[in-house]
Amino acid sequence: MTQSSENDEKEGPPKEGCCAYAIRVVLLVTVICITLPINLVLSWPAVLPKLEEDTADFTVTKEDVSWLVSVVFIIGIFVSTFAGSLLELLGPKRLVLLALLPKAAFWLLMAFTPYLSLLYLGRVGLAFVNCFLCAAFQPLLAEISTPEKRGLVAASSEIAAAAAMLIGYMLANFLSWRPATAIPAAPCMLISLLMYFVPESPYWLVRKNRIEEAERSLRRLRGPKCDVSNQLNSVITAASDNKTSISSQITQLKKRENGMPVFLLWVVFVLREYGGKNAMFSYSVYTFHQAKVEIDPFICTMILGAIRLIGHTISAFTIDYVGRKPFIGGSSLVCGLSVLVSGIFLVLELPGKSWVSLGLLLLFVISYGLGMGPIPWVYIGELLPTPVRPLGSSLMVFTYNFGGFVMNYAFFKIISKLGLGLTLVIFSVPNFFIMLIVILWLPETRGRSLEELQDVFRSKSASSPEN
């Protein structure tokens, strides 16, 4: 980006006019808010204890609970294998649009069904469209943001995600399960309308050789008075030699500068899924009940949601000043210690185990919100090289869904055999390994352009901690 464009970006409303600046902000906020319908799907299991109690139309067993939670992830395992190809075929914006309206219909189907089979059908439908949204969301967000504000924008999406989780928990606490299931259809319809006004990713347009449209997209995103010629040239240069077929992306993965960041981020996603987050966010009511906390589990779950929101908010407004590595490294350490000590208290039945476990599990949540939650998704948009970003994004979504299915389906079975305490002790191990990976190999991406980040792993020196 040229110096004049940087000045336009910094000065904002005085140079381009308040109306134009406000439009740019609305467009960016619309993309950020895509995470609301994504995460309302993940917070919906908080209504399941009430659904178990309501036997008027059908009966829900513990086995049904496991499947209703985990089916989102098992569907995601299969859909994510071709979501990247569909993303490249249609473009991020169009894929988002095609997913949102069906998502509203599936919510309403679940809310008003008199049959358990249709409840499952609605949940499966949500799983399909959720996977498409996950595959398109972070690349689109990264590619329409400026390098200077990309961390803030990406982390702000995690604020919206945490807010969605809190909203889902509040709906589960204050409403019966049917209205709590119907209300999430509303943001799907509203965001789908606003998305019509969001420009397509300039990177995708350039890859499709639609250069004039890419330039118009950049002007809408950066402001009508901003000189986008240098940035457009950078985008063209980055995409000119990059073929995006699956076979060409697999070939590109053999290059160290492409394969190494994909591998490291994949390992982080694998470990992250087995570090205890599913027990806290998918089965929070059940987890607090198993820990025998002396506060109503639904109230604890709302507190959990509020604390996670605070963590994401702090992360969003400081990530571009502190950097990515300190947040995710410190977060993984605190998450590991929290579940380790909490598990020890429960296994040994030490005095005050109820209150200590509650405090440490909430500490896990706020620490997760600071780093472990947002940073890996930020890395998808920033660290994955352009030649393999569609394939890499699909791989991370696949890993997220596979780990989510395994842990969510097996959770009741694990704690019935090992107990919650020993399970938490085991959850601490992946968190400590993530900390080591961050310290030893992951680079700092703060303030770097996407073009510059493609060169980070070209030399072995780039993998040193100071990078």
Side-chain angles (χ1 to χ4, degrees), residues 158 260-284 287 290-291 304 307-308 311-312 314-315 319 322-348 350 353 356-380 383 395-396 399-400 402-404 406-408 410-411 414-415 417-445 463-467:
E158 289 296 320
M260 186 58 110
V262 171
F263 173 73
L264 289 175
L265 191 56
W266 173 75
V267 173
V268 169
F269 266 85
V270 169
L271 294 172
R272 178 175 174 263
E273 293 309 308
Y274 300 98
K277 75 181 188 70
N278 295 292
M280 294 309 305
F281 303 127
S282 296
Y283 290 103
S284 54
T287 298
Q290 285 285 328
L304 176 153
I307 289 178
R308 185 181 182 185
H312 283 311
I314 294 172
S315 177
I319 190 175
V322 178
R324 284 51 158 168
K325 287 189 67 167
F327 268 125
I328 189 172
S331 171
S332 57
L333 173 61
V334 174
C335 284
L337 290 174
S338 298
V339 290
L340 175 62
V341 177
S342 177
I344 290 173
F345 265 77
L346 291 174
V347 169
L348 300 180
L350 298 176
K353 65 177 182 178
V356 170
S357 295
L358 175 60
L360 288 172
L361 292 177
L362 293 180
L363 178 61
F364 173 94
V365 170
I366 192 169
S367 179
Y368 184 90
L370 284 169
M372 290 281 285
I375 305 301
W377 294 108
V378 172
Y379 272 140
I380 285 181
L383 196 60
L395 176 62
M396 303 312 152
T399 304
Y400 163 79
F402 182 81
V406 171
M407 292 309 302
N408 281 297
F411 180 71
I414 293 173
I415 62 174
K417 291 187 177 181
L418 302 180
L420 180 62
L422 183 56
T423 301
L424 292 177
V425 171
I426 294 172
F427 284 160
S428 69
V429 177
N431 291 290
F432 294 137
F433 275 110
I434 290 175
M435 179 189 67
L436 292 177
I437 291 171
V438 171
I439 292 174
L440 296 176
W441 294 295
L442 280 187
E444 179 57 71
T445 60
S463 63
S464 60
E466 62 268 25
N467 290 325

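With contacts defined as side-chain heavy-atom distances shorter than 4.5 Å, the pair Met372/Lys277 does not qualify. At least one side-chain heavy atom of Leu304 sits less than 4.5 Å from a side-chain heavy atom of Leu362. You'll find the side chain of Ile437 reaches within 4.5 Å of the side chain of Val268, heavy atoms only. Side-chain contact between Leu360 and Phe364 is absent, with no heavy atoms from C-beta onward closer than 4.5 Å. Inter-residue side-chain proximity for Thr287 and Phe411 is flagged as met; some heavy-atom pair is nearer than 4.5 Å. Residues Arg308 and Ile366 have side chains not in contact (no heavy-atom distance under 4.5 Å, counting atoms from C-beta outward). Between Lys325 and Ile375, every side-chain heavy-atom pair lies at or beyond the 4.5 Å cut-off. Side-chain contact check for Phe427 versus Met407: some heavy-atom pair is nearer than 4.5 Å.
Atoms CE and CG, from Met435 and Leu440 in turn, are 9.0 Å apart once rounded to the nearest 0.5 Å. Taken from CD1 in Ile415 to OH in Tyr283, the straight-line distance is 9.0 Å, to the nearest 0.5 Å. Atom CE of Met260 sits about 13.0 Å away from atom CG of Leu265, to the nearest 0.5 Å.
Under the 3.5 Å distance criterion, the side-chain polar atoms of Arg324 are left unmatched by any main-chain donor or acceptor of Tyr379. For the pair Arg272 (side chain) and Ile434 (backbone), a donor-acceptor distance under 3.5 Å is absent. Judged by distance alone, with hydrogens and angles left aside, the side-chain atoms of Ser428 form no donor-acceptor pair with the main-chain N or O of Leu337 at under 3.5 Å. A donor-acceptor pair under 3.5 Å links the side-chain atoms of Asn431 to the main chain of Gly275, judged by distance alone. Thr399 places no side-chain N or O within donor-acceptor distance of the main-chain N or O of Trp266, the cut-off being under 3.5 Å. Between the side chain of Ser338 and the backbone N or O of Val334, at least one donor-acceptor pair lies under 3.5 Å.
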Leu424 vs Leu361, side-chain contact (heavy atoms from CB on, under 4.5 Å): CA-CA, chis, key distance, verdict: CA-CA 10 Å; Leu424 292 177; Leu361 292 177; 4.2 Å; yes
Is there a side-chain contact (heavy atoms from CB on, under 4.5 Å) between Ile380 and Phe269? Walk through the geometry before answering. CA-CA 10 Å; Ile380 285 181; Phe269 266 85; 3.7 Å; yes
Could you go through the side-chain contact (heavy atoms from CB on, under 4.5 Å) check for Leu436 and Trp441 one step at a time? CA-CA 8 Å; Leu436 292 177; Trp441 294 295; 5.8 Å; no
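Closest non-hydrogen pair, Tyr368 versus Cys335, comes out as N-SG, 3.7 Å. Between Leu346 and Gly421 the shortest heavy-atom distance is CB-CA, 3.7 Å. Taking every heavy atom of both residues into account, Glu273 and Gly404 meet most closely at OE1-N, 3.8 Å.
Atom CZ of Phe432 has more than 12 heavy atoms from other residues, nucleotides or ligands within 6.0 Å. Atom CZ of Phe402 has 12 or fewer neighbouring heavy atoms from other residues, nucleotides or ligands inside a 6.0 Å radius.
Taking the ring pair (Phe, Tyr, Trp, His ring centres under 6.0 Å) definition, one finds that Tyr400 meets it with Phe73, Trp377, sequence neighbours left out.
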